[in-house]
Amino acid sequence: MQEKYLPSEIERAAQAQWAASQAYRASDASDRPKYYCLSMFPYPSGKLHMGHVRNYTIGDVLARYHAMRGYNVMQPMGWDAFGLPAENAAIANNVPPAAWTYANIDHMRTQLQALGFAIDWSRELATCKPDYYRWEQWLFTRLFEKGVIYKKMATVNWDPVDATVLANEQVIDGRGWRSGARVEKRDIPMYFFRITQYADELLSGLDNLPGWPERVKTMQANWIGKSVGVRLAFPYELDGHKDTLWVFTTRADTLMGVTFVAVAAEHPLATRAAETNPALAAFIAECKQGSVAEADMATMEKKGMDTGLKVTHPLTGESIPVWVGNYVLMSYGEGAVMAVPAHDERDFGFAQKYGLPIKQVIDHVAIVDARKALATGKNGDQPLTSQDIEKLENFLRTNKYSTDRWHDGYDTKLGICINSGKYDGLGYEAAVDAIAADLAAKALGEKKTQFRLRDWGISRQRYWGCPIPIVHCDTCGDVPVPENQLPVILPEDVVPDGSGNPLNKRADFVNCACPKCGQPARRETDTMDTFVESSWYYARYACPDADAMLDTRANRWLPVDQYIGGIEHAILHLLYARFFHKLMRDEGLVSSDEPFQHLLTQGMVIADTYYREAADGKKTWFNPADVELRDGVATCKTDGQPVTVGGTEKMSKSKNNGVDPQALIDQYGADTARLFTMFAAPPEQSLEWSDAGVEGAHRFLKRLWKAAFDHLQERGSVTAYMSGDSGNLSDETKALRRQLHQTIQKVGDDIERRKQFNTAIAANMELINALAKLEGDDAATRSVRQEVLEAVTAMLAPIVPHISEALHVELKPGAELKPGTAMTWPAVDETALVQDEIELMLQVNGKLRGQIRVSATADKVAIEAAALASESAQKYLEGQPPKKVVVVPGRLVNIVV
RNA sequence: GCCGGGAUGGCGGAAUCGGUAGACGCAGCGGAUUCAAAAUCCGCCGCUGGUAACAGUGUGGGGGUUCGAGUCCCCCUCCCGGCACCA
């Protein structure tokens with residue numbers, strides 16, 4: 001055995017052996033239980049970044065652990081290869097996106113292989129290849145014919161100078177990123193997936209996902225945003241024609257407090273009013289400037305203008321003014337809202353600004369004053385809980401929006417109706433029911449379930465994406481491309497220039513014959529949202545060579561047992577993939593209802609930032625690798641001049657704070673990179689980069705290597721100690737065995753259930769520290785040492801596979817090593833865990849005041865007696881009997897004096 | 001703005017079901033080894049007071065529940081992720 005730990009040597013050898021033996025090829029026909037472990041595939045941006053290393057190491061740990069547990073593991077890898085960055089690179093470097101993308105894939109594959117991931121490379125796929133996207137096109141045509149995909153107008157960001165549609169990312173402070181022109185909203189025809197048809201199932205399906213983090217399920221539920229409310233009508237008369245303005249509200253109980261209604265700038269009523277009102281037309285035009293991003297819409301100043309039109313209150317017959325509000329979204333509900341300034345914060349602000357009346361119709365104070373509601377439920381609904389009361393009291397005490405005694409500024413349903421005629425005294429539910437019934441009787445409203453979720457628009461006016469398989473024919477209309485003409489191949493030799501979609505200029509692509517009538521027709525040049533490709537790739541891995549979208553192998557592998565990826569995908573990607581799975585199910589392609597059984601959302605990798613600011617305010621960012629820190633002063637290594645310390649932020653190109661994993665692998669080896677990323681933080685938290693921490697991880701691997709070397713050096717390997725072996729173990733050796741088997745228990749639980757690898761590693765470090773302290777060279781001690789080393793290398797194998805396998809071979813020279821399969825997870829020896837005496841904490845009034853030792857089998861009475869008899873207890877009792885004694889078996893005794 | 005999450009020593013983090021706060025690692029300090037250094041090994045290490053034993057205090061801030069709160073409840077501050085055309 002080599003005395004020195006030489007990572008590059010053992011890693012090269014191990015990886016060569018894994019490749020030669022196809023060690024990680026998943027069997028489609030195994031009778032062992034399957035474990036499909038999937039990490040979100042990367043966008044081939046150029047180089048691997050630390051976020052990738054973290055993501056794929058987490059997946060690899062779980063994959064290798066389950067392999068050691070006897071599962072038939074599949075861990076595939078592929079490339080989310082279509083996307084905007086390739087077009088940006090094309091504009092900057094004058095290379096076709098395809099060439100750029102394929103070069104990146106080749107480089108990044110090499111990097112992934114250098115990290116030693118147990119990936120089945122035979123299943124590799126890239127979404128930009130026709131043999132992948134042809135099936136996406138095939139499904140598109142089927143869904144189009146079924147009506148699940150349809151065409152309608154939708155609003156996009158329009159750059160009037162570059163004459164191109166901009167992504168939200170390309171709109172900076174309301175202007176186009178390249179032209180600097182003020183961005184406008186423009187309506188264009190687009191294809192949509194009818195995801196709202198599946199809204200209820202996407203919501204209720206969350207209940208069948210116990211393996212998903214609660215926060216992700218909550219975010220998805222809120223995104224889908226199911227709300228039960230009332231759709232109601234405000235009748236009006238315009239130019240002698242009778243019509244109605246519909247609104248949706250979840251607060252029909254406040255209907256008697258409506259003082260105006262507000263419509264979106266795009267609302268037909270606003271358009272009508274603007275025809276004869278130039279000031280209003282100008283205001284509507286102003287509303288149509290700026291980006292379509294909802295975050296921008298929601299943070300801009302609330303503005304409005306009176307249309308001069310009036311509608312009639314459906315119950316009171318009052319005349320209500322109609323305003324245009326820039327905060328009303330045309331895409332939600334009816335594009336119009338009833339405004340109740342007394343009980344809605346936004347309406348309140350708007351009414352204040354424009355001097356509109358405010359009418360209180362809910363009394364919250366009454367409920368707090370009358371605490372009887374707690375007992376009797378007299379608010380008309382459920383009795384209030386003490387938590388409701390506390391919340392309400394706090395809210396009344398702390399609200400900041402009040403301009404007078406009763407305005408609350410919050411939207412809370414805890415209250416009773418006042419100033420509402422026949423509805424006075426009713427609580428939320430009772431009032432909504434009564435008002436909905438009265439509206440229904442007049443045919444002016446009904447209860448309605450509304451979703452916040454909108455249909456998924458997938459048309460992109462971009463080149464580097466999957467072509468939408470539609471042909472536009474003057475006589476036949478939009479005709480889906482028939483199956484025998486698929487795929488519609490995207491030409492790969494195109495270099496976009498940033499002004500519009502270059503496919504429009506390719507006559508050979510655009511001009512075609514109508515599949516129906518044979519007449520000359522035009523091919524659709526829009527491509528699909530890249531989220532479409534990433535919505536079904538997990539299924540294609542099961543059968544990457546199938547001559548169909550999916551074959552029977554899909555159901556063998558699906559659902560994915562463990563999915564791992566960034567928290568930033570909590571809503572969009574994961575919701576679209578769930579939706580697509582249901583689409584494929586309804587097409588008979590898969591039989592399960594959900595694609596991902598367990599989900600792990602990994603945190604970001606962050607690092608310090610350093611910069612220098614020029615006179616004009618422009619910042620130059622320095623990479624942490626080029627910065628030296630001494631006594632809190634940061635200097636640039638190349639010129640020795642100081643740099644300013646910025647915040648700790650997500651590793652990014654723009655802040656130049658990325659750490660290149662390649663340099664790390666070159667210097668310390670893949671195992672150190674893997675160990676550090678798993679040790680520095682639990683997977684779901686953000687991980688702060690630290691060069692010193694990497695040193696520490698490397699040091700531990702050297703210690704582990706040396707521990708094995710020292711053990712083997714003197715007399716070679718021995719048979720590991722097993723329960724029931726003869727030979728007297730010293731107390732110290734027994735204690736070490738107990739620690740070992742406690743650790744085996746803990747590490748298995750940490751990896752499998754808790755997915756907290758940092759504590760699993762720490763437990764192994766403690767074990768190696770304890771082993772270093774164990775003295776003695778008799779046969780029994782040596783066999784326990786062998787047992788510990790074999791177990792530690794096995795427990796660390798999922799995390800640092802190269803060194804673990806190398807040590808495994810040294811420790812067991814006779815054993816033939818089949819990579820990835822020869823090592824099995826160590827078993828817990830229950831007899832090693834038994835303890836005669838245990839230590840309990842002794843508290844007096846909840847403060848730690850000492851310890852007591854009791855027999856492991858002592859009952860509560862015996863423990864209490866021992867506690868009271870102890871010196872520490874006597875000291876604090878001062879002869880008085882205790883008020884109370886709390887005994888928590890196995891933990892502590894608390895004496896209250 | 002809305003939805004979700006987070007805040008614990010000098011730093012990354014641990015404390016799994018309300019029960020010893022600070023495991024493990026990094027940095028630092030002291031020592032051994034060395035001609036010297038690197039590497040390695042041993043010891044100390046929340047804060048305040050004390051030679052020490054020990055006492056007090058301490059998990060972003062304020063309040064509450066409990067024998068007992070980092071953990072549960074209410075309010076607040078700051079930071080991060082998402083907001084439908086970045087992926």
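Computed from heavy atoms alone, side chains included, the values below leave out hydrogens, waters and symmetry copies. In the text below, chain A, chain B and the rest are named by the order of the sequence lines, each starting its count at 1.
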When the distance from [atom1] of [X] to [atom2] of [N] is rounded to whole Å, what number comes out?
X	N	atom1	atom2	result
A:I571	B:G82	CD1	C1'	5 Å
A:M219	B:G5	CE	C1'	7 Å
A:K152	B:A84	NZ	C1'	12 Å
A:L701	B:C26	CG	P	12 Å
A:Y876	B:G68	OH	P	17 Å
A:W689	B:G12	CH2	P	16 Å
A:F531	B:C83	CZ	C1'	12 Å
A:W177	B:C86	CH2	C1'	10 Å

Would you say [N] has OP1 or OP2 under 4.0 Å from some side-chain N or O of [X]?
X	N	answer
A:N222	B:G4	yes
A:R849	B:A55	yes
A:N168	B:C83	no
A:K847	B:A21	no

Practice task
Could you check if the base of B:G9 is syn or anti? Syn means the glycosidic torsion is within 90 degrees of 0.
Solution key: syn
Completion exercise
Judged by whether its glycosidic angle lies within 90° of 0, B:C11 is anti
Handout entry: N/O donor-acceptor pair under 3.5 Å between A:N222 side chain and A:G225 backbone
Key = no
Students often get this wrong, so: under 4.0 angstrom with heavy atoms, is [X] touching a base, only sugar-phosphate, or nothing?
X	result
A:T218	sugar-phosphate
A:E766	sugar-phosphate
A:M604	sugar-phosphate
A:R452	base
A:Y327	nothing
A:H569	base
A:A570	nothing
A:R215	sugar-phosphate
A:I606	nothing
A:M528	nothing
A:V165	base
A:V156	base

Using a cutoff of under 3.5 Å, can you pull out all pairs of nitrogen or oxygen atoms linking the protein to nucleotides 37-42 of chain B, with atom names and distances?
residue : atom : partner : partner atom : Å
B:C41   : OP1  : A:R703  : NH1          : 3.1

Using atom [atom1] in both nucleotides, what's the gap between [N] and [M] to the nearest angstrom?
N	M	atom1	result
B:U66	B:A14	C1'	25 Å
B:G61	B:C79	C1'	15 Å
B:G28	B:A39	P	11 Å
B:G46	B:G70	C1'	15 Å
B:C72	B:G5	P	12 Å
B:U57	B:A38	C1'	42 Å
B:C11	B:G63	C1'	32 Å
B:A52	B:C41	C1'	29 Å

Tell me every residue that passes side chain to side chain donor-acceptor pair (under 3.5 Å) with [X], counting only those two or more places apart in sequence or in another chain.
X	result
A:N764	none
A:Y198	A:D586
A:K702	none
A:S870	none

Handout entry: Output field: ring centroids A:F41/A:Y537 closer than 6.0 Å
Key = yes
Practice task
Would you please indicate yes or no on a ring centroid separation below 6.0 angstrom for A:F580 and A:F193?
Solution key: yes
Could you pull out all residues at least two apart from [X] that satisfy ring pair (Phe, Tyr, Trp, His ring centres under 6.0 Å)?
X	result
A:H49	A:H52
A:Y576	A:W456, A:F531
A:Y538	A:H581, A:F596

Handout entry: Dot-bracket summary - RNA chain B, pairs being Watson-Crick or G-U whose distances fall under 3.5 Å, with | when paired to another strand
Key = (((((((..(((......[....))).(((((.......))))).((((....))))..(((((..]....))))))))))))....
Fill in the blank from the handout: In numerical order, the residues of residues 42-50 of chain A whose heavy atoms come under 4.0 Å of RNA chain B are A:Y43
Completion exercise
So salt bridge (charged side-chain N to carboxylate O under 4.0 Å, His left out) across residues 294-303 of chain A, not counting sequence neighbours, yields A:E286-A:K303, A:E294-A:R452, A:E294-A:R454, A:E301-A:K353
Exercise for the section: Would you check if there is a donor-acceptor pair between the side chains of A:D526 and A:N501 at a distance under 3.5 Å? Expected result: no
Problem - Distance-only polar pair, side chains of A:Y668 and A:E695, donor-acceptor under 3.5 Å - result: yes
Handout entry: Nucleotide of B:C67, B:A84, B:G4 approaching A:A293 most closely (side-chain heavy atoms)
Key = B:A84
Practice task
Give the minimum heavy-atom separation between A:A86 and A:W464, together with the two atoms involved.
Solution key: CB-CD1, 3.4 Å
Problem - Minimum heavy-atom distance A:L840-A:G890, with the two atoms named - result: CD2-C, 3.5 Å
Exercise for the section: Measure from NZ or CZ of A:K152 to the centre of the six-membered ring of A:F192, then state whether that distance is under 6.0 Å and the direction lies within 45° of the axis. Expected result: yes
Exercise for the section: Could you grab the distance from atom NE2 of A:H573 to atom CD of A:E568, nearest 0.5 Å is fine? Expected result: 10.5 Å
Handout entry: Stepwise side chain to side chain contact (heavy atoms under 4.5 Å, CB included) check, A:Y876 with A:I895
Key = CA-CA 9 Å; A:Y876 286 92; A:I895 300 169; over 6 Å; no
Exercise for the section: Indicate for each nucleotide in nucleotides 13-20 of chain B, in 5' to 3' sequence, whether protein heavy atoms under 4.0 Å reach the base (B), only the sugar-phosphate (S), or nothing (-). Expected result: SSSB--BB
